[in-house]
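See structure below.
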Amino acid sequence: SKQLRALSASYQQLSTEYSNHSLQVVQDAMQVATTYQTVVERAAQVVSTLDVVMALARVAAYSPHGYCKPQLTDCETGGIELKAARHPCVELQDDIEFIPNDISLQ
């Protein structure tokens, strides 16, 4: 059974070499993948911002009351004034009658 022992030894050697090469391939792949981390993070930020803008645009387009562009003033005048303000998430829910509110923060 010298032949069987030789085959077994050969198998063990090949198995060890395979494991070592597989580990090296994974390590190399991980090293390459980490170079794309900042690109993937930036893409995620852009996609999330686009998602929010698209959601707000959809709400504005399908709102039965319409939305207007806010008027911004100089910071010296101070405060925030909202007239007939509505919350888009609440307003678009079914079976909800939303009452617009006036808000003045001075």
Side-chain angles (χ1 to χ4, degrees):
S1 192
K2 285 183 177 182
Q3 184 181 9
L4 189 55
R5 284 189 194 123
L7 288 174
S8 178
S10 177
Y11 172 78
Q12 290 295 334
Q13 181 184 358
L14 290 172
S15 180
T16 302
E17 287 178 21
Y18 176 80
S19 295
N20 291 338
H21 287 295
S22 295
L23 180 61
Q24 187 60 45
V25 167
V26 169
Q27 288 173 345
D28 291 346
M30 291 301 294
Q31 190 174 13
V32 170
T34 57
T35 63
Y36 291 99
Q37 179 181 355
T38 55
V39 173
V40 171
E41 287 174 351
R42 182 65 183 131
Q45 289 173 347
V46 169
V47 168
S48 65
T49 300
L50 183 60
D51 182 47
V52 169
V53 170
M54 292 299 296
L56 291 173
R58 185 178 187 283
V59 167
Y62 291 106
S63 171
H65 305 289
Y67 284 87
C68 65
K69 180 181 177 184
Q71 295 177 351
L72 303 177
T73 59
D74 293 335
C75 60
E76 283 112 25
T77 59
I80 296 174
E81 188 172 330
L82 305 173
K83 295 184 180 182
R86 301 181 313 273
H87 193 289
C89 293
V90 175
E91 186 177 48
L92 290 179
Q93 290 181 6
D94 294 333
D95 302 326
I96 299 282
E97 190 165 327
F98 188 79
I99 300 170
N101 296 290
D102 293 339
I103 301 167
S104 181
L105 303 173
Q106 299 296 330

Quiz item: Taking atom CG of L23 and atom OH of Y18, what is their separation to the nearest 0.5 Å?
Solution: 12.0 Å

Quiz item: Counting only heavy atoms not in I103, do more than 12 sit closer than 6.0 Å to its CD1 atom?
Solution: yes

Self-check item: Heavy-atom closest contact (T35 atom, T38 atom, distance)
Solution: O-OG1, 4.5 Å

Quiz item: Got a sec: does the CD of E17 have more than 12 other heavy atoms crowding it under 6.0 Å?
Solution: yes

Quiz item: How many angstroms lie between atom CG of L7 and atom CD of Q12, to the nearest 0.5 angstrom?
Solution: 12.0 Å

Practice problem: Measure the CD-CG distance between E81 and L105 for me, rounded to the nearest 0.5 Å. | Solution: 9.5 Å

Quiz item: With a 3.5 Å cut-off and no angle check, do the side chains of D28 and Q24 form a donor-acceptor pair?
Solution: yes

Exercise. Would you confirm whether S48, through its side chain, and A44, through its main-chain N or O, come within 3.5 Å as a donor-acceptor pair?
Key: yes

Quiz item: Within a radius of less than 6.0 Å around CD of E41, do more than 12 heavy atoms belonging to other residues, nucleotides or ligands occur?
Solution: yes

Quiz item: Does L4 offer a backbone N or O that forms a donor-acceptor pair with the side chain of S8 under 3.5 Å?
Solution: no

